[in-house]
Amino acid sequence: MTRIAIELTAPDIEAHRRSSTGVDFVHTFESGRAGPHVMVNAVTHGNEICGAIAVDRLLRMGVRPARGTLTLSFANIDAFSRFDPARPYATRFIDEDFNRVWNAQTLDGPRDSVELRRARQLRPFVEAADYLLDIHSMLEPSPPVMICGPLDKGIRFAFDVGIPRDIVSDEGHANGTRMRDFQGFGDPASPRNALLVECGQHWERAAEHVAWQTTWRFLRHVGAVEAETAAREIAQEAPPPQRLVRVTEAVVARTPEFRFARAFGGMEVVAREGDVIAYDGAQTVCAPYDNCVLVMPVPNNIKTGLTAVRLGRIEARPPV
Ligand SMILES: [Zn+2]
């Protein structure tokens, strides 16, 4: 595995443990004015430091909602509290992926794990949220991406927030439901909406900036903060135009010999249908269409039986 520099330091969040909500590390603030319940969540995965930095900073700044309700939370604190720069990959989760348990059957079911216990604590807040931003980062270096789910309402939400450049629309994962897709967030008839931002590689300096900028643009868009307050935090320069990529398939490594045809970066575009993307034993994996986008490839972390990259097609912004 390629060594990746740990440029970010995990913040000490102990000061945020006690909370009037009764749930450790989950803080809810009421404005006393009508408005949506807005939630910003960090460390769904314990080694995703940029989100912890952003939420810690919001709490230390004393950010309060201008209208409606604001919940600021740290999700997988058991995994996060064990983050060790010497073993940074080890603390994604303790027992299971926190972001694969978000359906009523699993949450109401008899199974137990560190992550399920925490998800059951967070559930009332997630269920109360009209708008959710879940802040993540990635295993391998890649430009940041906004994961908006399969629905047009999620895609529009990502365009409304305005960053990052790349918007990835996908169906989620076969092995469990994400918080982003839970209940109304995944229902086209519900006005509730959620985004998952992947701010860059887990420990790269730039991820902290992306997390902060995305959070403030999100808070401004949903009306949780006054525009003037947000303007003090949001970078002045206009962001580049966004690009919508719809995931069409996952490429699963079938053999231990799986290797990429060349050193692809994240969100790289393979120009021609039939161009070789990877070799997998006797099989050749080719681009299924022109301008095929490689979504979050994991060239240094390929595991047989697991997704090595997802493929996506560039699409036009859906009509409003
Ligand atoms: Zn994550």
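Atoms within a ligand are numbered from 1 in the order they appear, just like the ligands themselves. No experiment lies behind these values; they were computed from the predicted model shown. Heavy-atom basis, side chains included; hydrogens, waters and symmetry copies ignored.
Between Phe25 and Phe74, the ring planes are perpendicular. Angles over 60° get that label, and only those under 30° would be called parallel. The aromatic rings of Phe29 and His27 sit parallel to each other, their planes meeting at less than 30°, with 60° as the upper class boundary.
Shown here are the side chain to side chain donor-acceptor pair (under 3.5 Å) partners of Gln236, two or more places apart in sequence or in another chain: there are none.
The closest approach of His136 to the Zn ion (ligand 1), by N/O/S atoms, is made by ND1. Taking the Zn ion (ligand 1) as reference, the nearest N/O/S atom within His45 carries the name ND1.
For Glu48, the nearest N, O or S atom to the Zn ion (ligand 1) falls under 2.8 Å.
Salt-bridge formation is not detected for the pair Arg118/Glu115: no Lys NZ or Arg NE/NH1/NH2 atom is positioned less than 4.0 Å from an Asp or Glu carboxylate oxygen.
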